[in-house]
Amino acid sequence: MAPMDGSSAQNDEYWPIHIARSDGQGYVQLDHVALRDDEEQDVAQRERWEVIVAGHLQNQIGPKEDRRQYKLAAFPKGYELRCAVRTQGGTRDYYLYGHPAGPKAHYRTPGEFALHALWLISDSSDNSQCPCDLCPKYLDRAKQELAKAQTAPAQTQHPAPVPTPQTQYQQQPDHQQQQQAPPGTTGWTNVFRVGELIWYKHAAWRLGVVLAITPKPGTPLSPGSSDSSYHFTLAPLGHALLQQASIVKDCQFMRPFLTFSVPNAAMDELKDKTFETVNWSALAARYAQEPDPSKREVNRQILGLEASKMGARTINDAFSTFDLLRQGSTPDGALYVQHYRGIYLGAEMVCVGDPVRIASDAPPAQQPDHHQPAPDANPNLVMLITEIQVHTPSSPPSARPTLQFKGNLYRTVRLPAANNNNTTIPQGLVPVPAESLGPAFVEELATRTAIERDTSVRWAWALVGRQSQAQQGGGVLRAEQDVLGRFYVTEKLMSVIDPQRFQAWVQRGLLEEAPAYLNNRGHSGGGIYVGRRAARKATLGEAVSVEFRAPEGLVEN
């Protein structure tokens, strides 16, 4: 909140108060109607609320000798005052919306919201310390969502089918079968999945893990419903000893982990250390000795922030597998090879049948050096995964398992609209029907086609490196460091991370490559390579305050 120093007046009567911090959600669909600037009663009521709330703040934290009158410069970002018009007499009732408890939650009087405003201008980020009526309901709902996620079946209870080779150039699963999304997901093409490390907006951008995904109450779901149809229960990243409560967010306040880079540790004593080598208990005990409660809370926040950054680096540098398909030794006995249906690869969940962004000029997988960054990616190059393999050398006994991905490489191309003659296509590219590749390929092509204004061309997916792939049985092998992250459908990704930019692309009819707005896995906070962990719970470790449970129908091994 801006200090009440009288440096500038909003008008001759009131002095402005600015509430800088906000947890307002800015819901799109709200009950009742928006206020009108040309409606005298609406204008008067908005000012009434702003004056009463500001008066409460002045009485609580302002100097006792201050006799000036104050008024909110505006409601905190994401909050909106709306009115309900009674059918008889035209009387209007006013309610303030925007609290994280949900789009139906509202404050009925300015006095009710003043209690929350006091918490917003405090140093606390713990909703349990807010005296308003809505924060306890918000926390209760978060606990209920978490309990439901830990006891109820997942939305999809059957694992996704495994793609089996059909021909040299069409090795993918039947499109209808692939429509069934893997456990822990709400669809093959949606952005967020259970167990993924993400960023979320809570005053500032913070790190968290998706614990559960539940449909929004009253929201009809249909095949292909986007992330905006769901609520996401998140565990804030930090350290378990901080006992951070889970929260519920909409996708518009979330970002994939690879959207931003993780800053370096700010405390000198944490530099050159990993999450697991820090004595967090000793640090917490030392900070707890601060006699000033406000400074003690600041120290707690600093500790949580540093722990979240270091925890994110560890998670990003690890992987764990699920749904073992088959295993056995190579003919020469040098390797023990396990094939899996899916993997938590750093921040993301990746399954057989998913497209992933791939390093464009990486050699075939040999012995990966995890400490060397992957080559730069062509943002338009993806691999459709048909196999996820873990190779464990037979000797020495302590040898570290290595990760390999197999699949064909594809990229989008612009072709003459009325010409299907392959001789006009750049050498080494073979057009492939999107329907044979899966939903992500179909949706991406639909997005590009809808935006394209040049009627003389059409968008298509093309197989890359036909001859070299045929020699390896219909796919290439790439090592762990060559996989740069999941491939996201342009419209769904940009609608989450930068909807205004995406609308600008639509308006000018010129599509940019959305993956260029993401980091590669190794560039988003890589630290000391961790390698394989027993399960996602083991990877998260003490970086979260709640126990992570794998989605129903997913077997970690």
Side-chain angles (χ1 to χ4, degrees), residues 149 153-164 171-174 177-198 209-213 256-258 315-327 337-358 382-392 401-408 437-441 475 477-480 482-488 521 530-540 548-557:
Q155 296 169 35
T156 304
Q157 301 201 11
H158 304 287
V162 183
T164 55
Q171 57 176 331
Q172 318 310 337
D174 177 78
Q177 288 182 328
Q178 198 186 35
Q179 289 293 336
Q180 184 170 290
T185 74
T186 56
W188 281 98
T189 63
N190 282 354
V191 176
F192 301 108
R193 298 177 174 183
V194 172
E196 292 193 324
L197 177 63
I198 54 90
V209 175
V210 179
L211 295 178
I213 307 174
F257 173 72
L258 298 180
I315 295 168
N316 189 47
D317 286 326
F319 73 87
S320 63
T321 53
F322 55 85
D323 294 346
L324 179 65
L325 299 174
R326 60 187 183 275
Q327 56 187 329
V337 182
Q338 297 166 298
H339 295 253
Y340 290 91
R341 194 187 309 273
I343 184 172
Y344 279 109
L345 182 64
E348 301 173 311
M349 174 199 280
V350 176
C351 301
V352 168
D354 271 326
V356 292
R357 296 180 292 130
I358 207 79
V382 300
M383 169 189 278
L384 179 53
I385 296 177
T386 55
E387 293 183 23
I388 299 172
Q389 307 173 6
V390 177
H391 295 187
T392 305
T402 59
L403 187 58
Q404 310 283 347
F405 295 86
K406 186 176 183 179
N408 278 340
L437 305 179
F441 293 83
L477 276 176
R478 288 292 177 86
E480 177 181 357
D482 297 333
V483 176
L484 309 178
R486 272 209 288 135
F487 171 81
Y488 300 91
R521 181 187 173 204
V530 175
R532 190 175 193 181
R533 288 290 172 88
R536 192 59 166 175
K537 176 181 176 181
T539 300
L540 300 178
F548 174 78
R549 296 188 180 183
E552 184 78 15
L554 184 153
V555 180
E556 297 188 280
N557 39 32

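A heavy-atom distance below 4.5 Å is found between the side chains of M349 and L554. Residues F441 and V382 are in side-chain contact: their nearest non-hydrogen atoms beyond the backbone lie under 4.5 Å apart. Within the 4.5 Å cutoff, the side chain of R357 has no heavy atoms near those of the M383 side chain. Under the 4.5 Å side-chain criterion, counting only non-hydrogen atoms from C-beta, F322 is not in contact with V555. The side-chain heavy atoms of I385 and K406, taken from C-beta on, include no pair separated by under 4.5 Å. In this structure, I315 and L540 have side chains that are in contact, with non-hydrogen atoms separated by less than 4.5 Å. Looking at heavy atoms from C-beta onward, L403 lies in side-chain contact with I343 at the 4.5 angstrom threshold. Within the 4.5 Å cutoff, the side chain of F257 has no heavy atoms near those of the I198 side chain.
R532 meets the salt bridge (Lys or Arg N to Asp or Glu O under 4.0 Å) test with no other residue; sequence neighbours excluded. For E348, there are no salt bridge (Lys or Arg N to Asp or Glu O under 4.0 Å) partners two or more places apart in sequence or in a different chain. With sequence neighbours excluded, no residue forms a ring pair (Phe, Tyr, Trp, His ring centres under 6.0 Å) with Y488. A search for side-chain hydrogen bond (donor to acceptor under 3.5 Å, both in side chains) contacts involving Q389 returns E387, H391, not counting sequence neighbours. A search for ring pair (Phe, Tyr, Trp, His ring centres under 6.0 Å) contacts involving F192 returns F232, not counting sequence neighbours. The side-chain hydrogen bond (donor to acceptor under 3.5 Å, both in side chains) search around R536 returns none, not counting sequence neighbours. For A535, the side chain to side chain contact (heavy atoms under 4.5 Å, CB included) partners at least two apart in sequence or on another chain are E556. Looking at residues two or more places apart in sequence or on another chain, you find no ring pair (Phe, Tyr, Trp, His ring centres under 6.0 Å) involving F319.
Between atom OG1 of residue T185 and atom CD1 of residue I213 there is a gap of 7.5 Å, rounded to the nearest 0.5 Å. A distance of 11.5 Å separates CG in L384 from CD1 in I358, rounded to the nearest 0.5 Å. To the nearest 0.5 Å, atom OG1 of residue T321 and atom CZ of residue R341 are 13.0 Å apart. From L258, atom CG reaches atom CZ of R521 across 9.0 Å, with rounding to the nearest 0.5 Å.
For V194 against P551, the heavy-atom pair with the smallest separation is CG1-CG, 3.8 Å. The two residues R533 and A318 have their closest heavy-atom pair at CG-CB, 4.2 Å. Closest non-hydrogen pair, Y340 versus V352, comes out as O-CG2, 3.5 Å. Here the shortest heavy-atom pairing between Q404 and L477 reads CB-CD2, 4.2 Å. In terms of heavy atoms, V350 sits closest to I388 at O-CD1, 4.0 Å. Nearest approach of V210 to F548, heavy atoms of both residues: O-CE1, 4.0 Å.
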Intermediate values then yes/no, side chain to side chain contact (heavy atoms under 4.5 Å, CB included), T402 and V390: CA-CA 6 Å; T402 59; V390 177; over 6 Å; no
Stepwise side chain to side chain contact (heavy atoms under 4.5 Å, CB included) test for Q338 and N557: CA-CA 10 Å; Q338 297 166 298; N557 39 32; over 6 Å; no
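The pair D354-R193 counts as a salt bridge, with a side-chain nitrogen and a carboxylate oxygen less than 4.0 angstrom apart.
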